[in-house]
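Remarks on the structure that follows.
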Amino acid sequence: MAAAAFSLALSSPASKPHKLCTSYYSKPINASFSASLPCKRSPRTALKIVRAVSISSPDLRTGPDDLVASILSKVNQSDGGVSLTKEEHKEVADVAQELQKYCVEAPVKCPLIFGEWDVVYCSVPTSPGGGYRSAFGRLFFKTKEMIQAVEAPDTVRNKVSFTALGLLDGEVSLKGKLNALDEKWIQVVFEPPELKVGGLEFRYGGQSEVKLQITYIDEKIRLGLGSRGSLFVFQRRTQAA
């Protein structure tokens, strides 16, 4: 798992704050105007044509619930983004950009940040898991799940579990300390990774550090943008009954 394995990166009507997080949503603005154009049909007749022109964009037509459903439909079953085409990656980025308009004002302070999350997408698919997720690494290691747990008050645990050569189960884990840089940006300083394969267990490498902006969060998903531009989509894990 690379040093920066994977990092931290309120779905409700735009006019109401979330019950857990005080939020100020961007209100869609309906933009329309009329244009009056003279049109000479004959020497004796002047006809005035009035046209209503509407300016629209996805966020004017769609609320956060629909956008969340859309982005999940695009990234689920994509092996963390590995199987997506360049155009499909762009579609994910477009939806993420629209969702950013509905983010709470101070996402780092929102209690929804805590919990267990599946890392369901990264725009650089090899980033979560590092070498284990590279094209070469995937020949030997089949990823089973990628999980991030954010625990109060300031602990982050990342885990990538895999099957090696189709025979041995293993996992790479990282434990880090979360520091809030401001209301949107966080920094996580990770301890050296720990590798477990079969009965073997050891640490390797050194400390690592990542910075990430939380661009959207609600009960279902969390979006993050890394300091180098990587987009992450996290989906909250459901508790077994």
Side-chain angles (χ1 to χ4, degrees), residues 2 4-12 14 21 23-29 31 55-108 110 112-113 117-130 133-135 138 143 145-148 150 156 158 160 181-188 210-237:
F6 53 87
S7 59
L8 272 174
L10 299 163
S11 172
S12 60
C21 304
S23 60
Y24 301 89
Y25 293 117
S26 301
K27 285 188 175 182
I29 299 173
I55 300 174
S56 61
S57 61
D59 60 305
L60 299 182
R61 301 191 304 269
T62 310
D65 288 342
D66 293 325
L67 292 169
V68 167
S70 175
I71 201 168
L72 288 177
S73 71
K74 295 177 186 299
V75 302
N76 280 333
Q77 309 302 319
S78 70
D79 192 13
V82 170
S83 64
L84 298 186
T85 65
K86 183 177 180 180
E87 181 59 31
E88 288 170 332
H89 280 291
K90 183 180 183 303
E91 291 176 2
V92 174
D94 289 343
V95 178
Q97 186 173 3
E98 294 301 327
L99 268 172
Q100 187 171 348
K101 299 176 182 179
Y102 294 93
C103 186
V104 296
E105 193 169 72
V108 169
C110 181
L112 290 174
I113 193 174
W117 305 83
D118 285 314
V119 186
V120 293
Y121 173 82
C122 180
S123 57
V124 182
T126 58
S127 183
R133 296 275 296 161
S134 67
R138 292 197 305 274
T143 303
E145 57 184 7
M146 297 183 288
I147 301 172
Q148 180 177 87
V150 185
V156 179
N158 292 345
V160 177
L181 301 179
D182 59 26
E183 294 182 338
K184 295 183 178 181
W185 282 87
I186 59 93
Q187 174 194 55
V188 183
V210 295
K211 294 180 181 179
L212 185 122
Q213 178 188 8
I214 300 175
T215 59
Y216 181 80
I217 186 168
D218 67 14
E219 298 93 338
K220 294 181 179 180
I221 71 169
R222 187 177 83 242
L223 303 182
L225 193 63
S227 57
R228 297 183 180 181
S230 298
L231 171 64
F232 292 83
V233 179
F234 302 86
Q235 183 174 16
R236 191 180 300 277
R237 291 174 65 84

Just by distance, do the side chain of Asp218 and the backbone of Lys220 share a donor-acceptor pair under 3.5 Å? yes

Ser73: which residues meet the side chain to side chain contact (heavy atoms under 4.5 Å, CB included) condition with it, sequence neighbours left out? none

Sort out for me which residue in Leu67, Val120, Leu99 forms a side-chain contact (heavy atoms from CB on, under 4.5 Å) with Ile221. Leu99

What one should report as the nearest heavy-atom pair of Tyr102 and Tyr216 is O-CE1, 3.9 Å

Would you say Ile71 and Leu223 make side-chain contact, with heavy atoms under 4.5 Å? yes

Looking at every heavy atom in both Val150 and Gln148, which two are closest together, and how far apart are they? CG2-OE1, 4.0 Å

Measure the spacing between NZ of Lys211 and CD of Gln187 and express it to the nearest 0.5 Å. 5.5 Å

First locate atom CD1 of Ile214, then atom CD of Glu183, and finally report the distance between them rounded to the nearest 0.5 Å. 11.5 Å

Gln97 CD: over 12 foreign heavy atoms closer than 6.0 Å: no

The reported gap from CD in Gln235 to CZ in Arg222 (rounded to nearest 0.5 angstrom) is 12.0 Å

I'd like to know if the side chain of His89 reaches the main chain of Gly81, judged simply by a donor and an acceptor atom lying under 3.5 Å from each other, with no hydrogens or angles considered. yes

How long is the gap from OG1 on Thr215 to CH2 on Trp185, to the nearest 0.5 Å? 10.0 Å

Going from OG on Ser70 to CD on Glu91, what distance comes out if it is rounded to the nearest 0.5 angstrom? 8.5 Å

Which heavy atom in Ser230 sits nearest to a heavy atom in Ser123, and how many Å separate them? CA-OG, 3.4 Å

So does Leu112 get a backbone contact from the side chain of Arg236, meaning a donor-acceptor N/O pair under 3.5 Å? yes

Heavy-atom pair of closest approach, residues Glu88 and Ser83: OE1-O, 4.2 Å

Roughly how far, to the nearest 0.5 Å, is CZ of Arg237 from CG of Asp118? 4.5 Å

Here the pair of heavy atoms bringing Ala96 nearest to Leu231 is CB-CD2, 3.8 Å

